[in-house]
Visitor: 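So that we are looking at the same thing, I have put the structure below in structure tokens.
All values derive from a computational prediction rather than experimental measurement. All ligand and atom numbering here is 1-based and tracks the order in the structure.
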Amino acid sequence: MSKHVVVIGAGIEGACSAVELLRAGHRVTIVEPGEPGGEQAASFGNAGWFSSMSVIPPSEPGLWRKVPGFLRDPLGPLAIRWQYFPRVLPWLTRYLLAGWTEEKILRTAQALRPLLKDSPVLHGALAKEAGVPELIEHKGLLNVYFSRAGFEADAMGWRIRKQVGITWKEVEGDALREMEPDLDPAYTFAVLVEEAGRCLNPGRYVAALVAHAQRQGATLRKAAATGFKVEARKLKGVVLEGDTLLECDAAVLCCGAHSRPLAARAGDYVPLETERGYHVMFHGAQQGPRHSASLAGAKMVVNHMEDGLRAAGQVEIAGLHAAPNWKRAEILRDHLQRCFPGLPNPFPADRVTTWIGHRPSTPDGKPALGYASATRDIVHAFGHGHVGLVAGARTGRIVAQLVSGQEPEIPIQPFSPARFH
Ligand SMILES: Cc1cc2nc3c(=O)[nH]c(=O)nc-3n(C[C@H](O)[C@H](O)[C@H](O)COP(=O)(O)OP(=O)(O)OC[C@H]3O[C@@H](n4cnc5c(N)ncnc54)[C@H](O)[C@@H]3O)c2cc1C
């Protein structure tokens, strides 16, 4: 049966959901206060990785020992602002527990693998449909270490990846020099995951998907959603700012890091935090990696985008409203200059831009994806944390299946929005 579905939020999850809902024969209205894929969305400024191997949650065994350091060093790769600490403590406790043992991490990886697998292929097909195939590249992602010993220190993550079927190629010494001639020679070892891919402009990709959805009949409404009208477990509509009721048969909640209050109004307590991240762009840079690369030590991803060289990373726990700490973007800039010494140094300031974005993060590194507790007419599709871009294509398909009353194509029980109740 064809339904009128309101998609709340036009980041990558909303854009993919809208396209797939239309394909399934539904009528779609997208509600978004900003520009689809605009700077306000995490989907705009991320690292662009379709990292199908990113199945390891951010928390790991023994991480609790580093918490004092997270508080002490406001510029460390993971920092928690003192003022925010009491508020984030319950989330942080769950976060540390989620990565307490290797067994727990393996279970998360087993859940995430089907969500992320094949993502470059799925995104490639979507981009082609939306008329922007040039934005997707499928030639593997490089994880660079100073030495083999550095890679071996990361052994648990790679062991688990192997257990869930991920393969890679090791590249060492001269072979790495040849593959990445601009890279600082201090890096001598890398792992190439060939199944992975990347997006050359995530913001433009999201905007193109939404424009494609509009061409297929979707309506874009510039507004923010504030709640739902549910009667006898049946959705009557989505409430917009100003108390306007947008009548519909179903709704998809995908407001990224802003989803928590709306999820509560749909009956679900989801402990959602923002892991704030930053990027710096060197526009017009010629030097840099041939493959997109994550760099050990710098804890950042470097990616040649269609409009410049981007370094993205950092995790800052300080809530949605605190002012950005632009020193963090400067750290990324400095790492970028160090990792690619051939870049003009300093890079001309008028060709440098910076950005802050909000990863929508649950403490266990898995999204909230499934029916709401208040009614099956509302589907949650948020909380993708560090893997929202890569997960978007499969998430959109699952959303369409759930709205259509079909069995989802992969197991989604581990993503149950009610798991935190
Ligand atoms: C520095 C950084 C690097 C990253 N790198 C990667 C990467 O390489 N690969 C990867 O897979 N992921 C990466 N991520 C994570 C990824 O960007 C996010 O997980 C993903 O973009 C989340 O998408 P989303 O659609 O859920 O949310 P968003 O993209 O944030 O979109 C949510 C939308 O909802 C709208 N909205 C908010 N409130 C309302 C409301 N009340 N009503 C209606 N609309 C509303 C917002 O305006 C916004 O447009 C990175 C993130 C950061 C910060």
Visitor: Any luck finding a side-chain donor-acceptor pair between H4 and E247 under 3.5 Å?
Guide: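 Their side chains do not contain a donor-acceptor pair, so the 3.5 Å distance test is not met.
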Visitor: Give yes or no for whether the N/O distance cutoff of 3.5 Å, strictly under, is met between G388 and ligand 1.
Guide: yes
Visitor: Parallel, tilted or perpendicular: which one describes the rings of F282 and F347, with boundaries at 30° and 60°?
Guide: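 Parallel.
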Visitor: Without hydrogens or angle criteria, can the side chains of S259 and H380 be said to hold a donor-acceptor pair below 3.5 Å?
Guide: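 There is no such pair (donor and acceptor under 3.5 Å, judged by atom type) between the side chains of S259 and H380.
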Visitor: Are any of the N or O atoms of L262 closer than 3.5 Å to those of ligand 1?
Guide: no
Visitor: Using distance alone, determine whether E275 and ligand 1 share an N or O pair under 3.5 Å.
Guide: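 No, E275 has no N/O under 3.5 Å of an N/O on ligand 1.
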Visitor: Any chance you could measure Q216, atom CD, to R23, atom CZ, to the nearest 0.5 Å?
Guide: 8.5 Å
Visitor: So does E134 have more than 12 non-hydrogen atoms from other groups sitting under 6.0 Å from CD?
Guide: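 Buried by this count: over 12 neighbours within 6.0 Å.
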Visitor: V390 heavy atoms, cut-off 4.0 Å: which ligand 1 atoms fall inside?
Guide: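 Ligand 1 atoms under the 4.0 Å threshold to V390: 10 (C), 11 (O).
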Visitor: With a 4.0 Å cut-off on heavy atoms, is V387 touching ligand 1?
Guide: yes
Visitor: In terms of residue, atom name and distance, what is the protein heavy atom nearest to atom 28 (P) of ligand 1?
Guide: A42 N, 3.6 Å
Visitor: Polar-atom distance check: H386 versus ligand 1, any N or O pair below 3.5 Å?
Guide: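 H386 vs ligand 1: N/O contact under 3.5 Å present.
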Visitor: I'd like the name of whichever of A47, G11, P367 reaches closest to atom 3 (C) of ligand 1 through any heavy atom.
Guide: A47
Visitor: Verify the neighbour count for atom CZ of R376: are there more than 12 heavy atoms of other residues, nucleotides or ligands below 6.0 Å?
Guide: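 No, the 6.0 Å shell around CZ holds no more than 12 heavy atoms from other groups.
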Visitor: What orientation do H358 and H258 show, parallel under 30°, tilted 30 to 60°, or perpendicular over 60°?
Guide: perpendicular
Visitor: Looking only at non-hydrogen atoms, which of R359, E39, M300, Q40 approaches atom 53 (C) of ligand 1 most closely?
Guide: R359
Visitor: Any heavy atom of H279 sitting closer than 4.0 Å to ligand 1?
Guide: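 It does not; every heavy atom stays at 4.0 Å or beyond.
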Visitor: Are any of the N/O atoms in F382 less than 3.5 Å from those in ligand 1?
Guide: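 Between F382 and ligand 1, no N or O pair is found under 3.5 Å apart.
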Visitor: Can you report which non-hydrogen protein atom sits closest to atom 38 (N) of ligand 1, along with the distance?
Guide: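 Here the closest protein heavy atom is H258 CB, 3.6 Å.
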Visitor: Specify the protein heavy atom at minimum distance from atom 50 (C) of ligand 1: its residue, its atom name, and the distance to 0.1 Å.
Guide: N46 CB, 3.3 Å
Visitor: Can you tell me if CZ on R233 sees more than 12 non-hydrogen neighbours from other groups inside 6.0 Å?
Guide: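 For R233, atom CZ is not crowded (no more than 12 foreign heavy atoms under 6.0 Å).
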Visitor: In terms of atom number and element, which parts of ligand 1 are under 4.0 angstrom from non-hydrogen atoms of G256?
Guide: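 Within the 4.0 Å cut-off of G256, ligand 1 contributes 26 (O), 27 (O), 32 (C).
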Visitor: Does E180 reach the main-chain N or O of R290 with its side chain, forming a donor-acceptor pair under 3.5 Å?
Guide: yes
Visitor: Pull out every atom of ligand 1 sitting under 4.0 Å from any heavy atom of Y278, numbered as shown with elements.
Guide: 1 (C)
Visitor: Mind checking whether A223 has an N or O less than 3.5 Å away from an N or O of ligand 1?
Guide: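 Such a contact does not occur with ligand 1.
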Visitor: Looking at W91, I'd like to know if the NZ or CZ of R94 sits under 6.0 Å from its six-membered ring centre while staying within 45 degrees of the ring's axis.
Guide: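 Output no; distance or angle outside limits.
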Visitor: Which atoms of ligand 1 are found less than 4.0 Å from any heavy atom of V31?
Guide: 43 (C), 44 (N)
Visitor: Are L262 and F228 close enough that some pair of their side-chain heavy atoms sits under 4.5 Å apart?
Guide: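 The answer is yes; the side chains approach within 4.5 Å.
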Visitor: Does D350, at its CG atom, have more than 12 non-hydrogen atoms belonging to other residues, nucleotides or ligands within less than 6.0 Å?
Guide: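 Yes, enclosed.
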Visitor: With atom 18 (C) of ligand 1 as the reference point, say which of G392, S43, G385 has the nearest heavy atom.
Guide: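 Comparing heavy atoms across G392, S43, G385, the nearest one to atom 18 (C) of ligand 1 lies in G385.
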Visitor: What residue and atom, counting heavy atoms only, is the protein's closest point to atom 8 (O) of ligand 1, and at what distance?
Guide: W49 N, 2.9 Å
Visitor: Heavy-atom count check: over 12 atoms from other residues, nucleotides or ligands less than 6.0 Å from K104 NZ?
Guide: yes
Visitor: Does N325 reach the side chain of Q314, with side-chain heavy atoms less than 4.5 Å apart?
Guide: no
Visitor: Look only at interatomic distance and state if H358 has a nitrogen or oxygen under 3.5 Å from any nitrogen or oxygen of ligand 1.
Guide: no
Visitor: With a cut-off of 6.0 Å (strictly less than), are more than 12 heavy atoms of other residues, nucleotides or ligands near NZ of K162?
Guide: no
Visitor: Taking 4.0 angstrom as the limit and counting only heavy atoms of I8, give me the atoms of ligand 1 inside it, by number and element.
Guide: 42 (N), 43 (C)
Visitor: Just distances here: any N/O of A391 and N/O of ligand 1 closer than 3.5 Å?
Guide: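 For ligand 1, there is no N or O atom that lies under 3.5 Å from one belonging to A391.
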Visitor: Using non-hydrogen atoms of the residue, decide whether A257 is closer than 4.0 angstrom to ligand 1.
Guide: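 No, that is not the case, since the closest heavy atom of the residue is not under 4.0 Å from the ligand.
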Visitor: Looking at atom 26 (O) of ligand 1, what's its closest protein heavy atom, distance included?
Guide: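 For this ligand atom, the closest protein heavy atom is E13 CG, 3.2 Å.
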Visitor: Got a sec: does the NZ of K3 have more than 12 other heavy atoms crowding it under 6.0 Å?
Guide: yes
Visitor: For atom 39 (C) of ligand 1, grab the closest protein heavy atom and report residue, atom and distance to one decimal in Å.
Guide: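 The closest one turns out to be C255 SG, 3.5 Å.
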Visitor: Considering only protein heavy atoms, which is closest to atom 41 (N) of ligand 1, and at what distance to one decimal place?
Guide: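 Scanning the protein heavy atoms, the shortest distance from atom 41 (N) of ligand 1 goes to A225 O, 3.0 Å.
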Visitor: Identify, for atom 35 (C) of ligand 1, the protein heavy atom at the shortest distance, and state residue, atom and that distance.
Guide: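 Protein heavy atom with the smallest distance to atom 35 (C) of ligand 1: E32 OE1, 3.1 Å.
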